[in-house]
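What follows is a single structure, written as structure tokens, with notes after it.
This is a predicted model, so every value here is computed, not measured. Throughout, a chain's letter reflects where its sequence line sits, starting with A, and its residues are numbered from 1.
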There are 2 protein chains.
Amino acid sequence: MSERRKTAPTRARERAARGAKVDTRERLVRAGLAVLERGEPFSLGEIAREAGVSRQALYLHFESRAALAVAVAQFVDESFGLEEALAPSRAATDARALLRAHARFVAKYNERIQTVVRMADALRQTDAEMAVPWKDRLANRRAGGHIIAQKLSAWGELADEWTVESAGDWVCALSSVKLWEELVLDLGWSRERFARSLERQLAAGLLRPKEPLASGPATNR
Amino acid sequence: MSERRKTAPTRARERAARGAKVDTRERLVRAGLAVLERGEPFSLGEIAREAGVSRQALYLHFESRAALAVAVAQFVDESFGLEEALAPSRAATDARALLRAHARFVAKYNERIQTVVRMADALRQTDAEMAVPWKDRLANRRAGGHIIAQKLSAWGELADEWTVESAGDWVCALSSVKLWEELVLDLGWSRERFARSLERQLAAGLLRPKEPLASGPATNR
DNA sequence: GGGGTGGTTGACATAGTGTAAAGTTACCGA
DNA sequence: TCGGTAACTTTACACTATGTCAACCACCCC
């Protein structure tokens with residue numbers, strides 16, 4: 001059902017791909033982000049107005065508020081250059097460098113997506129439709145944490161009390177927007193201070209303590 | 001202005017103090033908590049119905065949704081026995097015991113207030129009236145973190161890179177409901193695992209490393 | 001010229017918050 | 001015993017938001 005509502009954005013994207021006039025869908029997404037970034041309560045009508053389009057046009061492109069929210073989140077990821085921003089972490093060849101790169105990434109990325117996540121999290125309480133994309137994003141973040149834990153483990157740097165699983169979850173949790181939000185937004189920390197503290201905490205908490213090269217600590221698990 | 005709306009709950013409280021029949025205000029607060037704990041979207045009408053009272057009666061006791069939310073939060077604090085639950089932390093006489101007590105407290109307390117905080121945080125996005133009580137609670141939590149950092153510092157256990165200020169903020173942030181929520185609710189950690197990890201991580205991140213082996217890590221700031 | 005596409009306006013159903021007003025009950029004090 | 005009043009009820013209303021529907025318009029392409 002609802003065939004018309006589905007074909008509309010598809011066609012819009014096709015037109016855009018062929019270089020057609022203006023992509024209203026993208027205008028709506030950008031407007032959504034702009035309105036969101038004002039940080040105040042808003043309505044769909046406001047977003048439509050900001051996009052210079054009627055409120056109804058919004059429903060030609062998005063089935064619901066949640067669908068728009070998802071699109072905005074995706075847009076932010078893309079315009080941020082997520083893949084590129086992750087490059088330093090991927091390129092790291094030792095534990096300290098990896099954690100440092102990750103902390104820097106988290107500080108930058110969370111700042112960028114903060115408003116979107118904030119809204120999505122609030123929406124999640126009242127809008128069941130939001131639950132699925134939210135879980136998806138969490139799964140992604142979790143996977144990111146696990147990759148880091150996996151590397152630390154492979155390098156023999158993960159402290160004994162951690163499994164790769166649980167260390168990955170811990171990295172994921174410490175990388176969450178909510179932690180960033182509380183420290184930077186609510187408590188007034190600078191971006192640098194946040195990144196430095198996160199890096200330190202991750203290193204102190206995850207890494208095997210440096211042993212004085214006495215006996216063989218490599219075999220105790 | 002709005003004199004009548006203000007006297008109503010006052011009188012109700014007076015009646016309750018004199019041992020009068022039923023305190024509708026408290027019934028509403030309890031109902032609010034019960035509805036909240038179902039974890040689903042809800043309306044004020046639902047809460048009133050749950051309390052066995054008309055929706056309008058709610059406005060005789062609370063000026064707005066936000067006011068009710070604040071009352072529910074207060075009620076949860078009281079019924080949880082916040083003061084009592086903090087006793088172990090206050091009684092701690094060394095750093096490890098303090099962090100352990102705090103981690104246990106956080107695990108228990110956050111579990112209890114989770115639903116309320118969740119809602120309040122969501123409300124905060126759309127309801128400016130919520131901002132003030134939210135900031136108050138944050139200030140309280142922050143103060144709690146600072147007390148801990150202060151003690152660690154007084155005992156000479158706080159690692160060099162921290163100031164009391166920033167360490168306190170860090171404790172506050174790591175003690176936030178959001179971290180608990182992500183690990184326990186979203187990632188499925190057990191309460192014990194959370195408490196243990198938080199304790200360990202606080203210790204690893206905040207405490208001065210024990211062995212002053214070689215030069216290395218003491219000067220890396 | 002005709003058809004489809006993407007947009008418009010306007011109306012509508014539904015649901016929630018908050019305000020207002022009038023009626024009911026029950027207690028309390030002179 | 002009577003009157004007043006606090007607490008609550010019912011009913012109605014204003015306002016805002018989401019989402020649906022229908023009719024109409026304009027453009028582009030065949």
**OP:** Please determine if a side-chain N or O atom of A:His61 lies less than 4.0 Å away from the OP1 or OP2 oxygen of C:dG6.
**Re:**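 For C:dG6, neither OP1 nor OP2 has a side-chain N or O of A:His61 closer than 4.0 Å.
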**OP:** Check whether any side-chain N or O of B:Ser54 sits under 4.0 Å from OP1 or OP2 of D:dC8, and answer yes or no.
**Re:**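 Checking B:Ser54 against D:dC8: no side-chain N or O falls below 4.0 Å of OP1 or OP2.
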Which of the following nucleotides, [options], is nearest to the side chain of [X]?
{"X": "B:Tyr59", "options": "D:dT18, C:dT17, D:dT9", "answer": "C:dT17"}
{"X": "A:Val53", "options": "C:dT8, D:dC8, C:dG16", "answer": "C:dT8"}
{"X": "A:Gln56", "options": "D:dT10, D:dC21, D:dC8", "answer": "D:dC21"}

Original post:
Ignoring hydrogens and angles, does a donor from either the side chain of A:Arg55 or the base of C:dG10 sit under 3.5 Å from an acceptor on the other?
Top reply: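 Absent.
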Please report, rounded to the nearest Å, how far the [atom2] atom of [N] is from the [atom1] atom of [X].
{"X": "B:Glu46", "N": "C:dA15", "atom1": "CD", "atom2": "P", "result": "12 Å"}
{"X": "B:Leu123", "N": "C:dG18", "atom1": "CG", "atom2": "P", "result": "9 Å"}
{"X": "A:Arg49", "N": "C:dT8", "atom1": "CZ", "atom2": "P", "result": "14 Å"}
{"X": "B:Leu28", "N": "D:dA7", "atom1": "CG", "atom2": "P", "result": "13 Å"}
{"X": "A:Leu68", "N": "D:dA17", "atom1": "CG", "atom2": "C1'", "result": "15 Å"}
{"X": "B:Arg25", "N": "D:dA6", "atom1": "CZ", "atom2": "P", "result": "18 Å"}
{"X": "B:Leu58", "N": "D:dT10", "atom1": "CG", "atom2": "C1'", "result": "16 Å"}
{"X": "A:Phe62", "N": "D:dT20", "atom1": "CZ", "atom2": "P", "result": "15 Å"}

**OP:** Examine distances only and state if a side-chain atom of B:His146 and a backbone atom of B:Val164 form a donor-acceptor pair shorter than 3.5 Å.
**Re:**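 Judged by distance alone, no pair lies under 3.5 Å.
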Original post:
Looking at A:Arg118, A:Lys178, A:Arg124, which hits salt bridge (charged side-chain N to carboxylate O under 4.0 Å, His left out) with B:Asp121?
Top reply: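 When salt bridge (charged side-chain N to carboxylate O under 4.0 Å, His left out) is applied between B:Asp121 and each of A:Arg118, A:Lys178, A:Arg124, only A:Lys178 qualifies.
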Original post:
Got a second to check how far A:Leu123's CG is from A:Trp134's CH2, nearest 0.5 Å?
Top reply: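 One finds 10.5 Å between CG of A:Leu123 and CH2 of A:Trp134.
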Original post:
Quick one: does B:Glu46's side chain get under 4.5 Å of B:Arg49's, heavy atoms only?
Top reply: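 Side chain of B:Glu46 against side chain of B:Arg49, heavy atoms only: contact under 4.5 Å found.
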Subject >> Positive for side-chain hydrogen bond (donor to acceptor under 3.5 Å, both in side chains) with A:Ser175, one of A:His102, A:Arg141, A:Arg142 >> reply: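 Of the listed options, the one satisfying the test is A:His102.
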